[in-house]
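A quick write-up on the structure given underneath.
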Amino acid sequence: MINTLLIANRGEIACRIMRTARELGMTTVAVHSDIDHQAQHVLQADLAIGLGGAKPADSYLLMDRILAAAHASGAQAIHPGYGFLSENADFARACEAHGLIFVGPPASAIDAMGSKSAAKSLMEQANVPLVPGYHGEAQDLQAFLDAAAAIGYPVLLKATAGGGGKGMKIVESAAAMAEAFASAQREAQSAFGDARMLVEKYLLQPRHVEVQVFCDQQGNGIYLHERDCSIQRRHQKVVEEAPAPGLPIELHRAMGAAAVKAAQAIGYVGAGTVEFLLDARGEFFFMEMNTRLQVEHPVTEAITGQDLVAWQLRIAQGEQLPLTQQQVPLRGHAIEVRLYAEDTDNDFLPASGTLELYREPAGGAGRRVDSGVVEGDVVSPFYDPMIAKLIAWGETREEARLSLLNMLRETVVAGVQTNLTFLSRILAHPAFAQAEVDTGFIPRHAEQLLPAAEPLDDRFWDTAAKAWLLARPVRSAATAGPWAELNSWRAGLPARSRVHLRCADLDRSFAAVDVSGCSYDPATRTLLLTDGQQRCRYPLLVGGQVLYLQWANTWQRIEPFDPIAEVEHSQQHAGGLQAPMNGSVVRVMVEPGQQVEAGAVLLVLEAMKMEHSIRAAEAGRVKAVFCSEGELIAEGTLLVEMEDAP
Ligand code: ADP
């Protein structure tokens with residue numbers, strides 16, 4: 001019997017697991033890193049135990065501390081969530097050795113699927129179809145060149161220990177292999193402590209279709225339909241839906257059966273996901289099995305009406321599967337989007353910072369939000385940058401799509417860059433509406449999904465200035481008065497109202513702003529502008545000393561600036577290249593005095609276990625390098641200074 005459950009995770013998934021555990025009458029125990037001591041998962045738990053420092057290696061990955069926390073709290077079971085220790089067979093074994101229930105499959109099943117190579121060998125034996133490729137022992141460059149030549153380019157290198165798209169590189173030709181191989185190995189070594197690779201034929205625009213399976217300890221296994229997770233960037237899922245649109249019933253059944261066969265071949269217990277690539281001809285190939293609860297499990301819950309975490313907890317306590325295959329319901333359609341802190345205009349670089357504004361969409365029938373943050377929380381560079389998941393269910397796919405679009409419209413995030421606008425564009429895209437989904441969706445529609453930022457036009461700046469004058473943050477009584485105004489009011493001189501505003505790294509100054517016929521209603525947070533016959537409404541929020549104006553579907557952050565201080569600052573930083581995020585320097589490719597071409601890689605940073613190249617914007621000469629290999633650097637740090645070539 002599980003009376004007390006420890007959740008060895010953080011963020012939205014920890015909160016989500018706790019919700020069900022509470023419903024089942026369990027006492028919930030959170031563990032946390034130092035910087036998470038006020039996080040939602042900590043505040044929502046009955047008991048919380050600190051583990052250590054911010055880095056996962058100093059907290060969420062410390063098995064001994066987590067086991068000690070389980071004992072100290074009287075927990076009988078540990079739910080690992082996803083990520084962190086969820087697919088760590090040693091941890092599953094350690095739980096067992098300590099007399100604790102690991103809510104997941106047996107260690108042997110994790111071992112079997114833990115390595116993509118070993119999993120492929122097993123599946124080969126079980127006659128589950130595989131993508132053509134090489135997953136052997138030999139790990140020298142020549143072995144990979146030979147294998148790639150045999151399969152034919154393009155090929156895809158993958159870390160055998162991989163996950164989350166890390167350590168994956170597409171290789172277009174033999175000439176590009178050596179560099180890609182080395183980079184993928186480095187990424188894999190740093191992300192998983194294991195540099196081993198496999199290589200596969202790179203399928204052109206397949207669909208990613210995965211099957212949710214469940215097995216009990218009595219040997220029964222069923223599937224809870226499939227999910228289509230084809231909409232991806234950097235090989236990571238962004239939009240997921242269930243069921244997979246347009247899948248013929250025979251294919252649905254064949255994939256389900258193959259998935260259950262894969263699970264049973266390794267003595268699986270609990271929730272698992274078998275991932276397939278589906279090509280345009282309807283042929284499907286085993287990719288890997290995830291031996292845990294998936295991020296996107298809510299869409300399956302929505303179409304089946306089942307609580308997968310409750311199933312996990314019941315099965316972990318020895319209960320049988322609650323349904324037979326024929327009894328698994330399938331109703332309507334559900335779509336999920338992952339709201340990430342990231343810079344969509346900059347190759348989806350992870351972003352971090354404080355959630356100055358954070359409003360989730362309203363609740364309602366068929367709507368669900370899974371999150372682990374509230375306004376004011378910090379999105380830290382130490383963990384996955386996912387902020388929340390928005391899930392909509394409808395009787396039809398179109399109903400779900402429109403509902404989710406509305407939810408996205410109601411969502412407000414400011415202070416941290418997010419993919420919110422990008423998600424809305426995907427859902428609103430006619431090709432998505434037509435269910436024309438495959439893994440090439442984002443690159444194919446990049447022009448519409450990631451348009452070059454519209455320059456903020458005069459109409460925007462005029463509106464921003466009016467917004468500022470009407471709604472600008474209220475000052476305290478002590479600082480109120482002419483001295484605190486952001487204009488150049490001077491005693492005895494005529495008033496010359498000057499407003500200096502900054503938005504999207506652009507500055508504008510306004511000498512005179514006419515606000516006649518305009519008003520701001522703080523209750524509904526709307527700015528109303530009247531221009532002749534035309535009346536326009538704009539959502540407008542005030543946060544601290546900043547305004548957020550919704551303009552062309554995007555929340556624009558508007559702040560005042562001091563033109564004099566700015567000039568000094570810009571002089572200090574002329575010609576510099578700053579770190580776009582917190583991370584560490586993997587390689588420095590240039591030295592002072594060196595001439596470089598436009599686009600040349602100056603250095604390679606690693607953040608969130610991915611490598612990012614910092615390139616020269618234009619040709620020039622390296623004046624100075626301010627960092628060295630291995631150094632940890634904060635976002636905004638000046639890394640390299642450039643000067644024009646003499
Ligand atoms: P990870 O475990 O890092 O998430 P996966 O093996 O699950 O990596 O692959 C992630 C994604 O990469 C897939 O969903 C798919 O879009 C793409 N992908 C993987 N293998 C191939 C392949 N052989 N051909 C084309 N795309 C692939």
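Start at 1 and go down the list; that is how both ligands and their atoms are numbered. Residue numbers run from 1 in the order of the sequence given.
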Hey, are the side chains of L321 and I315 touching, using non-hydrogen atoms and a 4.5 Å cut-off?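 Side chain of L321 against side chain of I315, heavy atoms only: contact under 4.5 Å found.
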Only heavy atoms of [X], strictly under 4.0 Å: list the atoms of ligand 1 that pass.
X: E200; result: 20 (N), 21 (C), 22 (C), 23 (N)
X: H235; result: 10 (C), 11 (C), 12 (O), 17 (C)
X: H208; result: 13 (C), 14 (O)
X: L277; result: 15 (C), 20 (N), 21 (C), 22 (C), 23 (N), 24 (N), 27 (C)
X: T439; result: 16 (O)
X: E275; result: 7 (O)
X: K201; result: 22 (C), 23 (N), 24 (N)

Consider salt bridge (charged side-chain N to carboxylate O under 4.0 Å, His left out). Of K169, K158, K166, which one does E187 pass it with? K169
Among K389, R368, R19, find the one that has a salt bridge (charged side-chain N to carboxylate O under 4.0 Å, His left out) with E301.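 Per the salt bridge (charged side-chain N to carboxylate O under 4.0 Å, His left out) rule, the option paired with E301 is R368, out of K389, R368, R19.
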Go through the structure and list residues passing side chain to side chain contact (heavy atoms under 4.5 Å, CB included) with E399, not counting sequence neighbours. E395, T396
Results of side chain to side chain contact (heavy atoms under 4.5 Å, CB included) for P430 - residues two or more places apart only: none
What do we get for K158 next to ligand 1 when only non-hydrogen atoms under 4.0 Å count, side chain, backbone, both or neither?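 Side chain only.
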Quick look: L156 vs ligand 1, heavy-atom contacts under 4.0 Å, and the answer is side chain
Can you pull out the closest protein heavy atom to [atom]? Residue, atom name and distance to 0.1 Å, please.
atom: atom 26 (N) of ligand 1; value: Y202 CE1, 3.5 Å
atom: atom 7 (O) of ligand 1; value: E288 OE2, 2.8 Å
atom: atom 24 (N) of ligand 1; value: L203 N, 2.8 Å
atom: atom 12 (O) of ligand 1; value: M168 CE, 3.2 Å

Out of G440, G165, S230, whose heavy atom sits nearest atom 3 (O) of ligand 1?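 When every heavy atom of G440, G165, S230 is considered, G165 comes closest to atom 3 (O) of ligand 1.
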Of the choices E210, Q232, R207, which has the non-hydrogen atom that lies closest to atom 15 (C) of ligand 1?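 Answer by nearest heavy atom: Q232.
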Which atom of D438 lies closest to which atom of P206, heavy atoms considered: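 Distance-wise, the nearest heavy atoms are CB-O, 3.4 Å.
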Is it true that D36 and Y60 share a donor-acceptor pair across their side chains at a distance under 3.5 Å?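 Side chains of Y60 and D36: pair found under 3.5 Å.
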Does the pair [X]/[Y] count as a salt bridge with the N-to-O cut at 4.0 Å?
X: R227; Y: E336; answer: no
X: R401; Y: E398; answer: yes
X: R338; Y: E296; answer: yes

Does ligand 1 have any atom sitting under 4.0 Å from a heavy atom of K116?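 Heavy atoms of K116 do come under 4.0 Å of ligand 1.
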